[in-house]
Amino acid sequence: NITCRRIGDMSRLASLSCLCLPLLLGIGLYPFWSVPSSEDLEIAEIEVLKVITSSTEKKLVPVGDGKYISTFIFKPPAHPHPPAHPVVMVHGFGGASLFYFKNIDALTKGRMVITMDLPGFGLSSRFNFTPSADEAERQFVEIMEIWRIQMKLDRFILAGHSFGAYLVTCYAIKYPSHIHHLVLLDPWGFAEGPSPETADEVVGTFPPGIRISVAVNKVFSFYPLSHIRASGPVGYFLLRLTRPDLLRIFGETTFNYLYHCIAQIPRVYANKQDLPNAMSIQEITEKLELNTLKDRLWYIQSTCATSGDGLYEGLEWLENTLS
């Protein structure tokens, strides 16, 4: 039995979160247990774009080593004297480029708006970031600079929200000559952790969803988004439960989009491998066209529900991947 330490009034939700990963042991009841893929996110992206009326162009901007940054360009109506400086908007942690969907049409009345999926978020490539916070910060900044060069941007207004505000500040410090204005929206970053004596007091000031993540992390030592990803198809309902504020603010369509931004790691359990007519790993790979996925992690684990073979191996791969 797993017992989470009570954190205010969120203890029941924290306990529920803690139980989500053990529920994975029940995957033998299902032929496939997987999380949303990049194709699911693309579909969700299209739904959000339907509410934006501005002229839209999407680019996959190469940034070296076969990696790319997913980028949207929203163009203003025809104007005899277009503004000189576009605005580049960077989302926060766990978000993606369409996070600003409610603001796009208003902003494009005066200038071009460009949004990007930060490296490792949304439909941008996944990068191998160093465990060092200082070095990872430098990697983010340099990828953003390569992106700027590829986009042929000279001077622009740079805006960032939350964690994105922290990153654009780091970028502006390193490359100030390209910044016309710097706009920080509810900025924050990752600071050094509190002392053991004050940890509970500090956690009590966090939003409910983050408090739950902290509680779960005490048990499983996962990264911030790992809980949703590891919960497979249950993750959508877990996110609704822990972050009702996102659903209230953004509505169902955009909430679905944000969920898919968070939840992608293609993983398939091939169950009933003890049966004589079970499809082989190679056959499943071909049927699902997994080899066509570009720059996305995926894995197939053969399993047998009656014996338990393969279940722990699949969870071990999941833990190593999320870590």
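- Contact of the Thr115 side chain with the Phe72 side chain is registered, since non-hydrogen atoms from C-beta on lie closer than 4.5 Å.
- Residues forming a side-chain contact (heavy atoms from CB on, under 4.5 Å) with Glu142 (at least two apart in sequence, or on another chain): Arg138, Lys174, Tyr175.
- Connection of Val51 to Leu98 is established within a shared hydrophobic cluster, with ILVMFWY side chains joined at heavy-atom distances below 4.5 Å, either directly or through further cluster members.
- Listed by chain and residue number, Glu47, Val48 satisfy the side-chain contact (heavy atoms from CB on, under 4.5 Å) test with Thr253 (two or more places apart in sequence, or in another chain).
- Residues satisfying the side-chain contact (heavy atoms from CB on, under 4.5 Å) criterion with Arg240, sequence neighbours excluded, are Tyr236, Leu247, Glu252, Phe255.
- Atom-to-atom distance recorded for Phe237:CZ and Leu241:CG is 11.5 Å, nearest 0.5 angstrom.
- Once rounded to the nearest 0.5 Å, the distance linking CZ of Phe74 with OG1 of Thr108 reads 8.5 Å.
- In this structure, the side chains of Leu41 and Cys261 come closer than 4.5 Å at one or more pairs of heavy atoms.
- For Ile173 against Pro176, the heavy-atom pair with the smallest separation is O-CD, 3.6 Å.
- Judged by distance alone, the side chain of Glu137 and the main-chain N or O of Leu167 form no donor-acceptor pair under 3.5 Å.
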Ile157 vs Val183, test: side-chain contact (heavy atoms from CB on, under 4.5 Å). Steps then yes/no. CA-CA 8 Å; Ile157 300 169; Val183 182; 4.1 Å; yes
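- In this structure, the separation between NZ on Lys50 and CZ on Phe101 is 14.5 Å, given to the nearest 0.5 Å.
- In this structure the side chain of Thr56 reaches within 4.5 angstrom of the side chain of Leu49, judged on heavy atoms.
- With hydrogens and angles ignored, the 3.5 Å screen pairs a side-chain donor or acceptor of Gln150 with a backbone N or O of Pro62.
- Linking ILVMFWY residues whenever their side-chain heavy atoms come closer than 4.5 Å, directly or via other members, leaves Ile179 and Ile149 in distinct clusters.
- Listed by chain and number, the residues in a ring pair (Phe, Tyr, Trp, His ring centres under 6.0 Å) with His181 amount to none (sequence neighbours excluded).
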Give the C-alpha distance, both sets of side-chain angles, the deciding distance and a yes or no for side-chain contact (heavy atoms from CB on, under 4.5 Å) between Lys75 and Val113. CA-CA 7 Å; Lys75 301 177 181 179; Val113 177; over 6 Å; no
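- Aromatic rings from His91 and Tyr100 are positioned such that their centres are separated by 6.0 Å or more.
- Scanning both residues, Met151 and Lys59, for their nearest heavy atoms gives SD-CD, 4.4 Å.
- In this structure, OG in Ser125 is found 10.0 Å from CG in Asp65, a value given to the nearest 0.5 Å.
- Applying the ring pair (Phe, Tyr, Trp, His ring centres under 6.0 Å) rule to Phe140 yields the partners Phe129; only residues at least two apart in sequence or on another chain are considered.
- Residue pairs satisfying the salt bridge (Lys or Arg N to Asp or Glu O under 4.0 Å) criterion with at least one member in residues 86-105, sequence neighbours excluded, are absent.
- Atom OG1 of Thr71 sits about 9.0 Å away from atom NZ of Lys58, to the nearest 0.5 Å.
- Side chains of Pro76 and Met112 form a contact here, defined as non-hydrogen atoms less than 4.5 Å apart.
- Judged as a side-chain contact (heavy atoms from CB on, under 4.5 Å), and not counting sequence neighbours, Ser177 has no contacts.
- Between the side chains of His178 and Arg148, at least one donor N or O lies within less than 3.5 Å of an accepting N or O.
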side-chain contact (heavy atoms from CB on, under 4.5 Å) between Phe156 and His180, intermediate numbers included: CA-CA 5 Å; Phe156 52 94; His180 182 63; 6.0 Å; no
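- Contact check for Ile143 versus Trp147: no side-chain heavy atoms found under the 4.5 Å cut-off.
- The side-chain hydrogen bond (donor to acceptor under 3.5 Å, both in side chains) search around Ser55 returns none, not counting sequence neighbours.
- Two residues are said to be in side-chain contact when any heavy atoms from C-beta on lie closer than 4.5 Å; Leu158 and Tyr171 meet this criterion.
- Residues forming a side-chain hydrogen bond (donor to acceptor under 3.5 Å, both in side chains) with Thr254 (at least two apart in sequence, or on another chain): none.
- Expressed to the nearest 0.5 Å, how far NE2 of His85 lies from CG of Leu153 amounts to 12.0 Å.
- Residues satisfying the ring pair (Phe, Tyr, Trp, His ring centres under 6.0 Å) criterion with Phe99, sequence neighbours excluded, are His161, Phe250.
- Residues Val87 and Ile114 form no side-chain contact, since every pair of their non-hydrogen atoms from C-beta on lies 4.5 Å or further apart.
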Which is it for Val168 and Leu182 under the side-chain contact (heavy atoms from CB on, under 4.5 Å) test, yes or no, and what are the steps along the way? CA-CA 8 Å; Val168 300; Leu182 182 65; 3.9 Å; yes
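- By the side-chain hydrogen bond (donor to acceptor under 3.5 Å, both in side chains) test, Ser97 is found to be paired with Asp117, residues two or more places apart in sequence or in another chain being considered.
- For residues 157-169, no residue pair satisfies the salt bridge (Lys or Arg N to Asp or Glu O under 4.0 Å) rule, not counting sequence neighbours.
- Inter-residue side-chain proximity for Ser124 and Pro119 is flagged as unmet; no heavy-atom pair is nearer than 4.5 Å.
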